[in-house]
Amino acid sequence: MSNYIIKNGLVIDPVKQTQSKADILIKDGKIADIAAEINCSLPLIDAANCIVTPGFVELHAHFREPGFEGKETLDTGCQSALQGGYTTVCTMPNTNPAIDKEYLVRYQKLRGREINKIKLEVIGAVSKGLAGQEMAELGKMYSAGAVAFSDDGMPVMNSGLMRNALVYSSQFAVPIVVHQEDHALSGNGVMHEGPTATKLGLAGIPALAEEVMIARDIELIKNCSAKLHVAHVSTAGSVALIREAKSKGLAITCEVTPHHLTLTDSLLAERLYDTNLKMSPPLRTANDVEACINGLLDGTIDAIATDHAPHRFDEKDVEFNYAPNGITGLETAFSALYTALVKTNRIDLLTLVKKLSSDPARVFNLPGGTLNIGSWADIAVIDLNRGFKVLPEMLATKGKNTPWLYQKHYGKVCCVLVNGEIKFVEESFNGAKENL
Amino acid sequence: MESSPPLTNLLSIHELTRAQLLLILATAQKYKSLMAESIRYQPVLHGKTIGLLFYEPSTRTRCSFELACRYLGAHYISIAKAGSSFVKGETLKDTVWNLRAMGVDLLVMRHPVSGAAHYLSQKLDIPIVNAGDGMHAHPTQALLDIFTMQEHIGTLENKVIAIVGDIRHSRVARSNIHALTKLGAQVRLVAPPTFIPPGIEQLGAKVYQNIEEALSADIIMALRIQKERQLSGYIPSTGEYARLFGLNQSCFNTNSEGLIMHPGPINRGVELTSEIADSNRSLILKQIPNGVAVRMAILATLLGGHQNE
C-alpha cells in the first residue's frame with residue numbers, strides 16, 4: 001500500500017469549503033491527515049504552485065466498449081479521465097450490446113478493475129436494448145453494482161414506462177438519469193432553434209423539446225419516492241423548472257456540461273457548420289448559458305458532467321446533418337471552465353471544484369470526491385498558471401472531437417492519485433518525478 | 001466600379017461583397033446578349049473540366065449549368081445521386097477527391113444538407129459553386145432573380161419585393177433576402193406563421209401574415225409548396241394554403257402592377273393559378289434564359305475566362 005506526503009499545495013476542500021496551504025499525508029492509500037505543516041520522510045509529491053483537489057467524479061461518459069471500440073475503449077477512456085483529473089467515472093449504457101443485463105454490468109466493472117486506472121462505475125439501461133418498451137432488469141443490475149439507470153441518448157418517450165421505471169427503481173434508491181428530449185418537438189433538428197439556425201438553414205431543436213419532458217417527469221415523481229436525475233440541462237426554462245421542483249422538496253437532481261456553461265449556438269455562424277459543435281442537447285443562447293451558471297451557483301444544478309462522447313474523425317468529417325452528436329470532454333472540462341468562468345470571476349474556484357467532485361459523488365451516492373480524513377486518496381494536482389493549447393495529439397481519448405481544439409486553456413492537470421497510488425504524472429511536472 | 005477581392009468560390013450571397021455581386025450581374029449582361037445570337041458559343045473555358053454533382057433532383061439549375069458549360073466550351077461531367085457511388089455508401093469527401101483526381105477544375109454541387117457547399121470548399125482546392133444546399137443558400141438562383149428584376153424594373157433601390165410561401169424551408173428565400181437587401185430593396189415575407197422561422201427579421205426582411213399586404217409590391221415572388229410539408233404538419237393542406245396564400249386573378253383587381261416570379265417548379269393551383277402563371281405579369285419564363293447567362297458569368301469569372309475590366 002502506498003504512502004506519500006503531498007506538500008506545498010493549495011488544498012481545495014469542497015466539503016469543508018476551505019482553500020488553504022496545507023500538506024496531505026497519505027497512508028495505506030487513504031488520507032491520513034491534512035495540516036499546515038506535516039513533517040515526515042515519506043515519498044514526496046511537491047505541489048508547489050499547484051492546487052490539490054479531490055479527484056473529479058464524472059456522472060456521464062460514453063466509453064463505447066463493447067461494440068464501438070473505434071471511437072473509444074474502456075482503456076483509452078480511463079486514461080482520458082485521468083488526464084482530466086478524474087478518478088471516478090460513470091459510464092452510460094449505450095454500447096453494443098447495451099448494458100441492460102446483470103452480466104454486462106459485471107463485465108464492465110471487471111474490465112475497469114483490470115485496466116486499473118480509475119474507478120469505473122456503471123449506469124445500467126432503463127429499458128431492454130434501450131428500446132423504450134420493456135423495463136430492463138434493474139434489480140439484478142443493481143445487485144451487480146449499477147449506480148444509476150438511464151436510456152441516455154434515447155429519451156423515454158413512453159410516459160407509462162417512465163412512470164413504472166421511476167416507481168420500480170425507488171426500492172433501490174438509485175437515480176433514473178434522463179436525457180430530456182421530446183422527439184416530436186426536436187424532429188430532424190440539428191442545432192438550437194433560433195436566429196442562427198434560421199440564418200444557417202439548419203433545422204432547429206427548440207428549448208421546449210427539453211422543457212416539456214422535464215415538466216412531465218416532475219409531475220411523474222410527485223407521488224413516488226423515486227430519484228430523478230436530469231442529464232445535461234441546457235436551457236433557462238429547464239433550470240427554472242428544476243429550481244421550482246427543488247423548492248417543493250422533490251427528489252430531483254441535475255447536471256450541466258462544460259460546453260453548456262461556456263459556448264453558445266452563435267459559434268456555429270463563426271465556425272461555419274463545424275461538426276464539433278454538434279451535440280444533443282445543442283448549444284443554446286447566451287441567456288441560457290447565463291441561467292445555467294446561475295443555476296450552478298444557487299445549487300439548482302448539482303453537478304458538472306461532461307457527456308464525454310468520442311467519435312471517429314471520419315464520422316465527424318461529413319456534412320453537418322450526417323455527423324453524429326457529441327463531443328469529448330473529460331480532458332478539457334476543468335481547464336475550459338477554469339479559463340472561461342473562474343479566471344473571468346463568473347464563478348469561484350471552490351464552487352468549480354465542488355461541482356466536479358463532492359457534489360456529483362453525492363448525487364449518485366459514490367464514495368469519492370472528497371478529501372475527508374480516512375477516505376481513499378483520490379487526488380488531483382493542478383497547475384492553474386500553466387497555459388497550454390489543446391492539441392489533438394495531447395489527448396488520450398480516441399475522440400479528438402472537441403470544440404476546444406487549438407484553444408488556449410489554463411489549468412493543467414499535473415498529477416493524479418487513485419487510492420493513494422500515482423496513476424498519472426504530466427510529462428513536464430517535476431513534483432512527482434522521483435516517485436516514478 | 002467598387003474594387004473587391006476576386007471571387008474564389010460561390011457558396012452564398014451572404015459572403016459576397018456588393019461589388020462582387022454587381023460584377024457578376026454586369027458579366028451576366030454580356031452573356032445575355034450572347035444568348036440572343038444565332039451561334040451561342042464563346043469558348044473562353046476551352047479545355048476546362050467542370051463537375052456537376054447533383055444530390056437532389058433538378059431540371060432548371062442542372063440544365064442551365066450544362067448549357068453554360070457548353071456555350072463556354074468547357075467539358076462537363078454530370079453526376080446524379082442515383083447511379084453514383086453515393087448509393088454504395090461513398091462519402092462526399094471521397095467522391096469529390098476522386099473527381100478532383102480526374103482533373104475537374106471546378107465543382108458545382110446541389111446537396112440536401114445545409115452547409116454542404118462550405119464543407120466541400122474545405123476539402124478541395126478548386127472553386128466550388130453552390131447550386132443549392134439544404135435550406136441554406138441558392139446563390140445562383142438569387143443572382144438570376146435579381147438580374148431578371150433589374151431587367152424589368154430597373155434599380156432595386158427602395159423597390160418592394162414580396163416573397164410568399166414556405167420561407168422556413170427555402171434556400172431561395174434566404175439567398176434572395178441577402179441579395180435584395182444588399183441592393184437596397186425592401187423585402188416583405190408573407191406566409192402562414194408555421195412557415196416563418198424564428199429570427200428571420202434579423203436578415204433584414206419584414207414579416208407579414210396577410211397576402212393583401214404583399215400585393216402592393218413591385219415584384220411578388222411565390223415559392224414552391226412541397227407536398228411533404230402537409231404531412232409534417234406545417235399546413236393542413238395545399239388546398240387551404242392556396243385559399244389563404246395562393247396568388248390568383250382576384251388578388252389583382254386593383255391597379256396593382258406587381259410582377260410575378262417563381263423559382264420553379266411551379267404547382268399550378270397552389271402557389272399561383274394558371275391564369276397568373278401564364279399572364280403578362282408573369283416573369284417566370286423570363287427568368288430561365290437569365291439562369292443560363294448568370295451561370296455562364298459565374299463559371300467564367302471563377303475559372304478566369306472572363307477578364308475583369
Side-chain angles (χ1 to χ4, degrees), chain A residues 182-209 235 237 264-278 282-288 311-325 401 405-406, chain B residues 9 11-15 55 86 89-97 109 111-123 130 132-139 167-175 177-178 189 195-205 207 228-229 231-234:
Chain A
D182 184 332
H183 275 163
L185 285 168
S186 57
N188 57 359
V190 290
M191 72 172 289
H192 175 65
E193 180 182 270
T196 304
T198 293
K199 185 176 161 197
L200 297 179
L202 292 172
I205 300 168
L208 272 178
T235 79
T264 66
D265 65 334
S266 62
L267 210 50
L268 262 162
E270 282 171 43
R271 306 181 198 167
L272 283 170
Y273 305 99
D274 181 352
T275 56
N276 285 339
L277 297 171
K278 184 180 177 187
L283 297 178
R284 304 287 188 181
T285 67
N287 180 46
D288 295 308
H311 291 293
R312 295 200 323 262
F313 173 78
D314 51 289
E315 291 174 308
K316 279 286 199 180
D317 188 23
V318 292
E319 300 92 310
F320 195 80
N321 288 8
Y322 302 161
N325 282 316
N401 49 309
L405 229 43
Y406 307 109
Chain B
N9 283 308
L11 304 179
S12 74
I13 299 287
H14 179 58
E15 291 169 5
Y55 284 105
F86 175 87
E90 187 174 48
T91 63
L92 176 60
K93 177 171 71 178
D94 284 320
T95 299
V96 299
W97 280 353
M109 183 177 73
H111 196 289
V113 176
S114 298
H118 282 89
Y119 172 75
L120 203 57
S121 72
Q122 290 161 11
K123 296 292 150 196
N130 183 4
D133 64 327
M135 307 184 290
H136 171 236
H138 195 349
I167 312 291
R168 177 184 285 269
H169 301 98
S170 176
R171 56 192 173 214
V172 176
R174 284 172 177 78
S175 284
I177 294 170
H178 286 302
L189 305 175
F195 279 162
I196 299 290
I200 192 76
E201 315 79 27
Q202 292 182 19
L203 301 188
V207 175
E228 63 260 32
R229 302 303 173 216
L231 299 176
S232 44
Y234 287 96

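Heavy atoms only: backbone and side chains are in, while hydrogens, waters and symmetry mates are out. Order of the sequence lines sets the chain letters (A, B, ...), proteins ahead of strands, with each chain counted from 1. In this text, all values refer to a predicted model and were calculated from it rather than measured experimentally.
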> Given a strict heavy-atom distance threshold of 4.5 Å, which part of B:Leu203 is in contact with chain A: side chain, backbone, both, or neither?
Replying inline: side chain
> Between B:His136 and A:Tyr273, does the ring centroid distance fall short of 6.0 Å?
Replying inline: yes
>> Tell me which of these, B:Pro197, B:Gly115, B:Gly199, has more heavy-atom pairs under 4.5 Å with chain A than the rest.
In response: B:Gly115
> Top residue by heavy-atom pair count (under 4.5 Å) with chain A, among B:Arg174, B:Arg171, B:Gln122?
Replying inline: B:Arg174
> Which is it for A:Leu202 and B:Ser114 under the side-chain contact (heavy atoms from CB on, under 4.5 Å) test, yes or no, and what are the steps along the way?
Replying inline: CA-CA 6 Å; A:Leu202 292 172; B:Ser114 298; 3.6 Å; yes
> Checking side-chain contact (heavy atoms from CB on, under 4.5 Å) for the pair B:Lys123/A:Asp317: CA distance, chi angles, key distance, verdict?
Replying inline: CA-CA 10 Å; B:Lys123 296 292 150 196; A:Asp317 188 23; 2.9 Å; yes
>> Quick check for you: among B:Ser12, B:Pro198, B:Ala137, which has the greatest number of heavy-atom pairs under 4.5 Å with chain A?
In response: B:Pro198
> Is any side-chain heavy atom of B:Gln202 closer than 4.5 Å to a side-chain heavy atom of A:Lys199?
Replying inline: no
> What's the shortest heavy-atom distance between A:Ala203 and B:Met135, and which atoms?
Replying inline: N-CE, 3.5 Å
> Distance from B:Ile167 atom CD1 to A:Thr198 atom OG1, nearest 0.5 Å?
Replying inline: 11.5 Å
> Is it true that B:Lys93 and A:Asp314 have a side-chain N and a carboxylate O under 4.0 angstrom from each other?
Replying inline: no
>> As an exercise, state the distance from CG of B:Leu92 to OH of A:Tyr322, rounded to the nearest 0.5 Å.
In response: 8.5 Å
> Where does B:His14 contact chain A at under 4.5 Å (heavy atoms): side chain, backbone, both or neither?
Replying inline: side chain
